[in-house]
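Right, one structure below, let's go through it.
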Amino acid sequence: MIEHKRIKGLSFDDILIPPVYSTIRSRSEPDTTTQVGPLTLKIPFISSPMDTVTESAMAIKLGELGGVGIIHRFMEPEAQAEQCQTVADAGRYVVPAIGVGESERQRLEFLMHKVDEIDMVSIDVANGHSILMEEMVGWVKERYPTLPIMAGNIATFHGYEFMIGLGVDAVRVGIGGGSICKTRIQTSVGIPTLSSVVDCARARHKFQYYNKNNPNMKFPSIVADGGIRYPSDVVKSIIGGADAVMCGGVFAGTDESPSELIYLNEVPHKKYRGMASASVQKDRRGGLKEGTCSEGVTTYIPYIGSLHSVLYGDDGFVGGLKSGMSYLNTRTIKELQEFDTYITITPASLNESHAYGTKK
Ligand code: IMP
C-alpha cells in the first residue's frame with residue numbers, strides 16, 4: 001500500500017484559523033457574494049438535491065435569501081417540471097438535478113421542454129469521476145450546448161482535472177462526508193471533505209496557471225458538499241478554496257424542507273434521509289437489489305424553525321461567515337479563498353473550542 005500523494009486527511013474539526021490584524025470596522029463590511037458557474041449568489045449557500053431538503057419552497061426561499069436550491073430528482077419528471085416552473089415563476093434560479101443513463105436523458109429533455117427557464121442542470125451521481133458521468137456530460141453538451149452544468153461528486157485532484165476536461169461549470173466536492181452517509185463505512189472509500197476541497201482547489205490553481213493564455217478553458221466552481229454542521233465549517237471550506245457550500249442536514253430541519261413534522265417525545269422533528277438509503281430504495285423500487293447495499297441512513301432531526309433563522313438568527317450561518325471574514329481581514333469571498341494559514345489542533349483543543357462551560 002502506498003499513501004495517497006500529498007494528502008493528509010483533515011476534517012473541519014482538525015483545524016483552526018489564526019486571527020490576523022484586521023482593518024475591518026464592522027462585521028457588516030465583508031461581502032459574501034460568490035459565483036457558482038453562471039450563478040451569482042449573494043451568500044455562498046446551496047441546498048442539497050435530496051427529497052427531504054429541496055423542493056420549490058426551499059429553492060424559492062433560499063433564492064430570496066441569496067443562495068440557490070437544487071430541485072431533487074427523486075420524483076417523476078412531470079412533478080419535477082412543476083417544481084421547477086414554480087421556482088421560475090418566483091423569479092429565482094432554477095437548477096434541477098438529474099442522474100445518468102437513458103431515462104435521465106429523457107428527464108432532461110422533458111424539463112427543457114416544459115420549464116420556461118433552466119439556469120443550470122446538476123448531474124448528480126455518487127461517483128462523478130466515472131465513465132457514466134463522461135457519457136452523460138457529453139450527451140448534454142451535444143444536445144444543449146449552452147446549458148451550464150454542475151457535476152458531482154468528486155473528491156480528488158484527478159477528479160477535478162477530469163471535470164476540467166469535461167468542460168463543466170461547477171463541481172460538487174466531497175465523497176462520504178454527508179451527515180446521513182455511510183459510504184466510507186460500507187466501502188472504505190472517501191476523503192474528509194475539507195481535504196477534498198483543498199486538493200481540488202490545488203488542481204484549479206495549477207491548471208489555471210499553466211493555461212492562463214487559453215481563454216477557452218473553464219475552471220469549474222468548487223462547491224464543498226457533505227459535512228457542513230457549523231458556520232465555521234463554511235469559513236474553513238472557503239479558506240480551503242470552495243466558492244460555496246452545499247448543505248443537507250443544516251437545512252433539513254427548517255419550515256421550508258419538504259418533510260412532514262413528526263413529534264418524538266413531544267418534540268417536533270423532521271425526517272432527513274440519504275438518497276442512497278434503504279428507505280429511498282424501498283419507496284422507489286420496492287427494496288434493495290440483492291448484492292447491492294445502502295450507503296445512506298434515515299434519521300429524524302429536531303425542527304429548527306425558518307430557513308431565515310438558520311442563516312440570519314442568533315447562531316446564523318451568514319453572521320458566522322461575515323464575522324470570520326472580519327477576524328481574518330478579508331472583505332470578499334475571493335480574499336478569504338486566498339487566506340493561506342491554518343493550524344491543526346488536538347482533541348483537547350477541539351474540546352476547548354466548544355462552549356464547554358455549559359457542560360459543567
Ligand atoms: P450533509 O449536509 O452533511 O447532511 O450532507 C449532504 C450531502 O450528502 C448531499 O449533498 C450529498 O452530497 C450527500 N448524500 C446525500 N444522500 C446520500 C447518501 O445516501 N449517501 C451518501 N451521501 C449522500
Side-chain angles (χ1 to χ4, degrees), residues 11-13 36 44-55 58-59 62 67-74 95-99 122-130 133 150-155 159 170-194 196-197 200 222-234 236-237 242 244-254 257-259 270-285 288 292-302 304 307 310-311 317:
S11 188
F12 296 119
D13 279 351
V36 174
F45 292 89
I46 303 177
S47 64
S48 298
M50 297 169 75
D51 70 353
T52 50
V53 181
T54 313
E55 289 184 358
M58 177 67 74
L62 188 52
V68 62
I70 302 189
I71 304 290
H72 74 86
R73 63 185 167 89
F74 300 89
V95 186
I98 59 170
S122 176
I123 307 178
D124 171 26
V125 290
N127 178 15
H129 192 177
S130 65
M133 178 62 80
M150 172 185 275
N153 281 31
I154 57 159
V171 288
R172 291 165 64 186
V173 174
I175 300 269
S179 60
I180 36 49
C181 173
K182 53 180 182 171
T183 299
R184 296 182 190 165
I185 299 305
Q186 285 294 100
T187 69
S188 81
V189 176
I191 289 179
T193 300
L194 178 62
S196 285
V197 166
C200 290
I222 294 174
V223 178
D225 178 20
I228 300 291
R229 305 148 305 162
Y230 307 115
S232 53
D233 296 341
V234 180
K236 290 169 185 174
S237 296
V245 300
M246 181 174 281
C247 302
V250 163
F251 296 150
T254 62
S257 78
S259 51
K270 281 196 143 195
K271 181 155 113 177
Y272 179 42
R273 64 179 182 178
M275 298 319 301
S277 62
S279 113
V280 171
Q281 292 301 322
K282 208 163 157 213
D283 290 354
R284 298 186 67 215
R285 300 203 178 90
L288 278 165
T292 63
C293 69
S294 73
E295 288 182 27
V297 299
T298 301
T299 185
Y300 294 89
I301 57 174
I304 34 172
L307 177 67
V310 169
L311 290 169
F317 276 70

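We count ligands from 1, going down the list as the structure has it; atoms in each ligand are counted the same way.
On a distance-only criterion, Gly227 and ligand 1 share at least one N/O pair closer than 3.5 Å.
If you number the atoms of ligand 1 from 1 as listed, the ones under 4.0 Å from a heavy atom of Gly249 come out as 1 (P), 2 (O), 4 (O). Every atom of ligand 1 is numbered from 1 in the order shown, and the set under 4.0 Å from a heavy atom of Met50 is 9 (C), 15 (C), 16 (N). Ligand 1 places these atoms under 4.0 Å from at least one heavy atom of Ser48: 6 (C), 9 (C), 10 (O). Using a 4.0 Å cut-off to heavy atoms of Gly296, the atoms of ligand 1 that qualify are 18 (C), 19 (O), 20 (N). Each of the atoms 12 (O) of ligand 1 lies under 4.0 Å from some heavy atom of Asn153. Close contacts of ligand 1 with Gly226, meaning ligand atoms under 4.0 Å from a residue heavy atom, involve 3 (O), 5 (O).
By the 4.0 Å heavy-atom criterion, Thr183 is counted among the residues contacting ligand 1. At least one heavy atom of Tyr272 lies less than 4.0 angstrom from ligand 1.
Selection from Cys181, Gly152, Ser277, Ser179 by nearest heavy atom to atom 1 (P) of ligand 1 gives Ser179. Relative to atom 19 (O) of ligand 1, the option among Ala276, Cys247, Ser294 with the closest non-hydrogen atom is Ala276. Scanning Met246, Glu295, Arg172, Met275 for the heavy atom closest to atom 11 (C) of ligand 1 points to Arg172.
No side-chain donor-acceptor contact under 3.5 Å links Ser179 to the backbone of Gly227. At distances below 3.5 Å, at least one donor-acceptor pair connects side-chain atoms of Ser259 with backbone N or O atoms of Lys271. A donor-acceptor pair under 3.5 Å links the side-chain atoms of Ser196 to the main chain of Ala155, judged by distance alone.
The side chain to side chain contact (heavy atoms under 4.5 Å, CB included) test applied to Asp233 returns Phe12, Ile228, Arg229, Tyr230, not counting sequence neighbours.
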Practice item. In sequence, state the C-alpha distance, the side-chain angles, and the governing distance for Glu295 and Thr187, and then conclude on side chain to side chain contact (heavy atoms under 4.5 Å, CB included). Key: CA-CA 9 Å; Glu295 288 182 27; Thr187 69; 3.7 Å; yes
Practice item. List the steps and the verdict of salt bridge (charged side-chain N to carboxylate O under 4.0 Å, His left out) for Arg284 and Asp51. Key: CA-CA 12 Å; Arg284 298 186 67 215; Asp51 70 353; over 6 Å; no
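Between the side chains of Lys182 and Ser277, no donor-acceptor pair is found at a separation under 3.5 Å.
Contact annotation for atom 7 (C) of ligand 1: protein present (non-hydrogen atoms, distance under 4.0 Å).
With a heavy-atom cut-off of 4.0 Å, Val297 does not touch ligand 1 at all.
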